[in-house]
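Numbers here are sequence positions counted from 1.
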Amino acid sequence: MRFVSYAAPDGDRVGLLDADDLVHPLPPGVRLIDLIDDPQHLRDAAEQALRTPHVPLPYGRLRLHAPIPQPPTVPAG
């Protein structure tokens, strides 16, 4: 399971990259940082992306962003 963040006409989006290099978009407003705290959230998001009737996007045509554009800081110590 690989997720990507990319630029879309309606704003930054997250999608699931499949084995055929197609990206299945998650709903607008979903951020990867909100999903990674719980493995079940990631699985649910992946299943939702694959079930959604949106046309998958070719990975090579997307303008990618960092997976987590503004990662939280980790305290030293």
Side-chain angles (χ1 to χ4, degrees):
M1 201 173 13
R2 291 177 30 192
F3 288 89
V4 296
S5 297
Y6 63 95
D10 58 350
D12 292 344
R13 298 283 295 268
V14 172
L16 176 69
L17 179 63
D18 70 16
D20 296 321
D21 285 341
L22 296 173
V23 175
H24 301 264
L26 273 68
V30 173
R31 301 178 321 152
L32 192 53
I33 190 76
D34 298 330
L35 300 174
I36 61 172
D37 285 344
D38 182 351
Q40 186 62 46
H41 285 157
L42 283 173
R43 281 191 291 277
D44 292 346
E47 290 173 7
Q48 179 183 7
L50 293 172
R51 283 193 313 261
T52 303
H54 296 295
V55 175
L57 307 166
Y59 174 77
R61 300 179 109 184
L62 297 176
R63 188 173 60 139
L64 300 176
H65 293 298
I68 300 174
Q70 297 174 335
T73 58
V74 177

Legend entry - Cluster companions of Val55 among Ile, Leu, Val, Met, Phe, Trp, Tyr (side-chain spacing under 4.5 Å):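 None; Val55 is a cluster of one.
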
Legend entry - Residue pairs fulfilling salt bridge (charged side-chain N to carboxylate O under 4.0 Å, His left out) with at least one residue in residues 12-30, sequence neighbours excluded: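 Sorted pair list: Asp10-Arg13.
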
Inset, instruction - Scan for salt bridge (charged side-chain N to carboxylate O under 4.0 Å, His left out) pairs involving residues 53-63, sequence neighbours excluded, and state none if there are none. - result: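 Salt bridge (charged side-chain N to carboxylate O under 4.0 Å, His left out) check on residues 53-63 returns no pairs.
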
Treating Ile, Leu, Val, Met, Phe, Trp and Tyr as nodes and any side-chain heavy-atom pair under 4.5 angstrom as an edge, say whether [X] and [Y] lie in one connected cluster.
| X | Y | value |
| --- | --- | --- |
| Val14 | Leu62 | no |
| Leu22 | Leu26 | no |
| Leu50 | Leu32 | yes |
| Leu64 | Leu57 | yes |

Distance-only check: which donor-acceptor pairs under 3.5 Å involve side-chain atoms of residues 1-8, not counting sequence neighbours?
| residue | atom | partner | partner atom | Å |
| --- | --- | --- | --- | --- |
| Ser5 | OG | Pro67 | O | 2.9 |

Inset, instruction - Specify the closest pair of heavy atoms between Ala49 and Leu16, including all atoms of both residues, with the distance to one decimal. - result: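 Heavy atoms of Ala49 and Leu16 come nearest at CB-CB, 4.1 Å.
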
Inset, instruction - List the atom of Val30, the atom of Leu35, and the distance in Å for their closest heavy-atom pair. - result: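 For Val30 versus Leu35, the nearest heavy atoms are CG1-CD1, 3.9 Å.
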
Inset, instruction - Scan for side-chain hydrogen bond (donor to acceptor under 3.5 Å, both in side chains) pairs involving residues 43-56, sequence neighbours excluded, and state none if there are none. - result: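 For residues 43-56, and leaving out neighbouring residues, the side-chain hydrogen bond (donor to acceptor under 3.5 Å, both in side chains) pairs sorted by first residue read Gln40-Arg43, Gln40-Asp44.
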
Legend entry - By salt bridge (charged side-chain N to carboxylate O under 4.0 Å, His left out) - contacts of Arg31 (at least two apart):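 Expected list: Asp34.
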
